Visitor: 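Quick one: the structure is below, and I'll ask about it shortly.
Here the structure is a predicted model, which is why all the values come from computation and not from measurement. Whatever order the structure lists them in is the order used to number ligands and atoms, beginning at 1.
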Amino acid sequence: MAIRTILHYPDKRLRIPAKPVERFDDELRALVEDMAETMYAAPGVGLAAPQIGVSLRLFVIDVAIADDAPSELRTFINPEFIEHVGTVCYEEGCLSFPGIHETVDRAERVRVRAQDVNGETFELEADGLLAIAIQHENDHLEGKLLVDHLSLLRRRLVHRAMMKRASADAEAVG
Ligand code: ZN
């Protein structure tokens, strides 16, 4: 297992739509383990493969982290939404936007179909933080980011903050 580097906005790789997972093998299992370890180390409640530069349709979520409760790790591979119900506003963060929190409109409840790490198909109905996290992580698979849900003004402010951070990081390295 290894902690992978999380890409930060405006890295262009975060904009590439991910490809379906076709092989459910040891390599995929190792990738899922690395993603979970990277998410817990960050820490975050979810991490999508494109955030570590792997262009595949999968993400991991553990909403128990938010409450310091025992682990409830879930893996979603090749997910598809079956239903969206209601609307809810929620203040979201993203591991690719360190230090940024923005209010986003999401569906209150979702029904999703996905495969697990063995390729078995499952369906899940989610609400609360789990529903928000599923929608947020699924956006990453389409190359869609937190900023895309914001007004033009908020988007500019976040962009500026992230560019400032990127140049501060470059200075620290140099
Ligand atoms: Zn994110």
Visitor: Of all residues at least two apart in sequence or in a different chain, which pass the side chain to side chain contact (heavy atoms under 4.5 Å, CB included) check with Asn78?
Guide: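 Partners of Asn78 under the side chain to side chain contact (heavy atoms under 4.5 Å, CB included) test: Pro20, Val21, Phe24, Arg57, Gln115.
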
Visitor: What's within reach of the Zn ion (ligand 1), meaning protein N/O/S atoms under 2.8 Å?
Guide: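 Protein N/O/S atoms under 2.8 Å of the Zn ion (ligand 1): Cys94 SG, His136 NE2, His140 NE2.
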
Visitor: Per the salt bridge (Lys or Arg N to Asp or Glu O under 4.0 Å) rule, what does the pair list look like for residues 114-129, sequence neighbours excluded?
Guide: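 Of all non-adjacent pairs touching residues 114-129, those that pass salt bridge (Lys or Arg N to Asp or Glu O under 4.0 Å) are Arg109-Glu125, Arg111-Glu123, Arg111-Glu125, Arg113-Glu123.
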
Visitor: State whether the side chain of Ser96 and the backbone N or O of Leu7 hold a donor-acceptor pair below 3.5 Å, judged by distance alone.
Guide: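 It does hold such a pair.
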
Visitor: Side chains of Asp169 and His8: any donor to acceptor distance under 3.5 Å?
Guide: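 His8 vs Asp169: no donor-acceptor pair found between side chains.
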
Visitor: Got a sec, which residues hit ring-ring contact (aromatic ring centres under 6.0 Å, His included) with Tyr90, two or more places apart in sequence or on another chain?
Guide: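 With neighbours one apart ignored, the set is empty.
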
Visitor: Assess whether atom CD of Glu91 is packed by more than 12 heavy atoms of other residues, nucleotides or ligands within 6.0 Å.
Guide: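 Yes, CD of Glu91 has more than 12 neighbouring heavy atoms, counting only those of other groups under 6.0 Å.
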
